[in-house]
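Order of the sequence lines fixes the chain letters, A, B, ..., with proteins taken first and strands second; residue numbering starts at 1 for each chain.
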Number of protein chains: 2
Amino acid sequence: MIDKKENTEEKIIDAARSVFIKKGMDGARMQEIADEAGINKALLHYYFRSKEKLFDAILGKIIKVAFPKISGIMVSDADFKTKLVQAIDAYLDILFKHPYLPAFVLKEVSRDPNVFIKIIVKRGLNPKLVFKIIEDAMDRGEIVKMKPQHLVINIIGLCVFPFAARPIIEFVAFDEDKKATDQFFKERKAVIKEFVLRSIEVK
Amino acid sequence: MIDKKENTEEKIIDAARSVFIKKGMDGARMQEIADEAGINKALLHYYFRSKEKLFDAILGKIIKVAFPKISGIMVSDADFKTKLVQAIDAYLDILFKHPYLPAFVLKEVSRDPNVFIKIIVKRGLNPKLVFKIIEDAMDRGEIVKMKPQHLVINIIGLCVFPFAARPIIEFVAFDEDKKATDQFFKERKAVIKEFVLRSIEVK
DNA sequence: ATGTGATTTAACCATTTAGTTAAAATGATT
DNA sequence: AATCATTTTAACTAAATGGTTAAATCACAT
């Protein structure tokens with residue numbers, strides 16, 4: 001195999017991501033990552049000299065998913081509400097594909113915000129353009145006025161929170177009925193879109 | 001001092017809560033808790049034989065705060081929308097008093113949901129009555145129809161998420177301007193209430 | 001003053017864990 | 001066959017950490 005090198009590295013990254021997301025930086029064990037990757041600890045350190053280096057490598061890839069380029073959608077020149085609906089759809093698609101991301105991101109952010117800040121800076125993520133677009137729509141009277149940050153945080157909260165809190169929701173709100181909870185999550189897309197549209201509609 | 005015993009125990013509990021909330025179960029160190037309580041490790045173990053016992057003791061007290069009896073407000077016979085606004089106010093008051101709770105609860109829930117489930121069961125917390133009250137208001141046409149769980153989770157998400165994500169919000173949305181972020185959080189109460197009321201209003 | 005429980009001190013144990021090392025094995029390439 | 005990076009094995013170090021212990025000290029009530 002030509003790419004055995006990349007193959008092993010990929011196996012490590014997959015395993016590390018899975019273990020880090022489940023256990024967090026503190027709870028994850030290098031041995032467990034090695035086991036999950038089907039290799040031994042020595043080789044793990046042969047590829048990534050330290051746990052921190054490995055974690056940073058994983059974190060970078062995770063943030064790419066967790067802070068997606070919704071901006072792309074928002075910049076297009078469609079109708080504002082249409083763009084908003086598209087952005088919510090796109091964001092929830094990502095969350096359904098990576099349901100454990102919210103808990104992980106919130107966990108690690110509270111442990112050490114600087115790690116995230118550094119990576120976000122490095123990726124040049126900048127929401128100011130999105131805020132501007134929202135303000136313009138408000139100025140044109142298309143939606144109700146508020147600080148654009150509130151609208152963005154409201155939407156992200158509506159999307160993200162249920163995923164981070166799923167174990168509690170499943171137990172408290174659905175009596176541990178996994179199917180009912182699944183159904184609830186399937187409904188979220190429509191519910192959030194309607195909820196948001198109603199709340200920003202100009203009467 | 002008559003209550004030197006309780007005094008030390010209180011000091012330990014305060015210190016433990018503070019350290020556990022900052023670092024989580026995994027990240028917290030018994031030595032750090034002892035230091036923060038102004039005592040030594042031996043005495044700490046003299047009061048709580050193990051880290052787990054101490055953590056469970058703290059967790060019980062924390063859950064009492066984190067899962068408050070909003071039900072009390074919702075059960076009163078005021079107008080439904082009035083009750084909803086009161087509940088949001090009460091919930092946000094708690095969050096402002098304990099801003100680090102959301103991150104902690106979400107962190108530990110994702111680490112081991114069972115711990116929470118056991119404690120919730122023990123406290124007999126039951127949201128079914130609240131769901132029923134919401135459904136009744138919907139049936140009376142006072143608010144728009146949806147699965148009551150969605151409304152509850154929407155509101156909790158709007159309230160809780162910003163606190164859990166505060167470090168990111170401060171950096172990404174407010175360029176590390178702490179004052180602007182504080183102002184943003186002060187506005188949340190009014191914003192959430194208006195946002196929710198608009199979204200459930202029957203047209 | 002004496003006994004009692006609370007508290008300190010300081011050394012200690014056992015375990016876990018990140019990380020290292022060196023030698024051997026594997027396996028593809030030339 | 002010889003070379004080279006990759007991988008394994010297995011033992012190891014060093015540090016951190018939860019928890020223990022025993023002796024000494026302190027404060028207070030009888």
Side-chain angles (χ1 to χ4, degrees), chain A residues 1-62 104 107-108 110-112 114-115, chain B residues 1-62 104 107-108 110-112 114-115:
Chain A
M1 274 168 224
I2 280 175
D3 49 48
K4 188 188 277 181
K5 193 188 291 185
E6 283 158 274
N7 209 31
T8 300
E9 199 168 323
E10 245 174 62
K11 264 161 48 188
I12 292 177
I13 284 177
D14 285 349
R17 183 177 45 229
S18 148
V19 174
F20 277 135
I21 284 182
K22 261 184 260 167
K23 308 276 179 92
M25 167 69 167
D26 285 341
R29 301 289 156 233
M30 291 300 267
Q31 186 59 61
E32 198 183 343
I33 294 172
D35 290 347
E36 183 127 341
I39 59 166
N40 51 357
K41 216 179 45 164
L43 190 61
L44 180 56
H45 278 93
Y46 180 76
Y47 274 84
F48 294 86
R49 286 209 303 287
S50 73
K51 188 182 180 180
E52 229 189 321
K53 283 214 169 62
L54 178 56
F55 184 73
D56 284 354
I58 303 302
L59 197 60
K61 305 206 167 199
I62 285 178
F104 172 79
K107 188 188 303 182
E108 297 304 324
S110 88
R111 197 182 60 91
D112 180 6
N114 294 326
V115 183
Chain B
M1 276 169 223
I2 279 177
D3 50 47
K4 189 187 279 183
K5 193 188 292 186
E6 284 158 272
N7 209 32
T8 300
E9 198 169 323
E10 245 174 62
K11 265 162 45 189
I12 292 177
I13 285 177
D14 284 348
R17 182 178 44 230
S18 148
V19 174
F20 276 135
I21 283 181
K22 260 183 263 166
K23 310 276 179 90
M25 167 67 167
D26 285 341
R29 300 289 155 233
M30 290 301 266
Q31 187 59 59
E32 199 183 344
I33 294 173
D35 290 347
E36 183 127 341
I39 58 166
N40 52 354
K41 216 178 46 163
L43 190 61
L44 180 57
H45 277 94
Y46 180 75
Y47 274 83
F48 294 87
R49 285 210 305 285
S50 74
K51 187 182 181 182
E52 230 189 321
K53 284 214 169 63
L54 179 56
F55 184 74
D56 284 354
I58 303 302
L59 197 59
K61 305 206 168 200
I62 285 178
F104 171 79
K107 189 188 302 182
E108 296 305 324
S110 90
R111 198 183 58 93
D112 179 7
N114 293 325
V115 182

### Query
With respect to the phosphate group of C/dA6, does any side-chain polar atom (N or O) of B/Y46 fall under 4.0 Å of OP1 or OP2?
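Checking B/Y46 against C/dA6: at least one side-chain N or O falls below 4.0 Å of OP1 or OP2.
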Examine C/dT7: is either OP1 or OP2 under 4.0 Å from a nitrogen or oxygen in the side chain of B/T8? Give yes or no.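 Indeed, a polar side-chain atom of B/T8 lies that close.
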**Prompt:** Less than 6.0 Å separating the ring centroids of A/F55 and A/F20?
**Reply:** yes
In 5'-to-3' order, the base (B), backbone-only (S) or no-contact (-) status of each nucleotide in nucleotides 10-21 of chain D, using a 4.0 angstrom heavy-atom cut-off, is B------SBBBB
Separation of [N] [atom2] from [X] [atom1] (nearest whole Å):
| X | N | atom1 | atom2 | answer |
| --- | --- | --- | --- | --- |
| A/Y47 | C/dA18 | OH | P | 20 Å |
| B/N7 | D/dC28 | CG | C1' | 16 Å |
| A/E32 | C/dG19 | CD | P | 16 Å |
| A/F48 | C/dT20 | CZ | P | 15 Å |
| B/L43 | D/dC26 | CG | C1' | 13 Å |
| A/L44 | D/dT6 | CG | P | 15 Å |

Point to revise | Sidechain N-carboxylate O distance under 4.0 Å for A/D14, A/R17 | key: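 Yes, this pair counts.
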Winner on side-chain proximity to A/N40, out of D/dT8, D/dT7, C/dT8, is D/dT8
Applying side-chain contact (heavy atoms from CB on, under 4.5 Å), name anything that partners B/D112, two or more places apart in sequence or on another chain.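 With sequence neighbours excluded, B/D112 shows a side-chain contact (heavy atoms from CB on, under 4.5 Å) to B/N114, B/V115, given in chain and number order.
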- prompt: Quick one: ring-ring contact (aromatic ring centres under 6.0 Å, His included) partners of A/F48, sequence neighbours excluded?
  reply: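 In terms of ring-ring contact (aromatic ring centres under 6.0 Å, His included), with neighbours along the sequence ignored, A/F48 is linked to no residue.
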Using a 3.5 Å distance criterion without hydrogens, assess whether the side chain of A/K51 forms a donor-acceptor pair with backbone atoms of A/A28.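 Here the side-chain-to-backbone pair exists.
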Checklist entry - With distance as the sole test, does A/E108 use its side chain to make a donor-acceptor pair with the main-chain N or O of A/M25 at under 3.5 Å? => result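 Here the side-chain-to-backbone pair exists.
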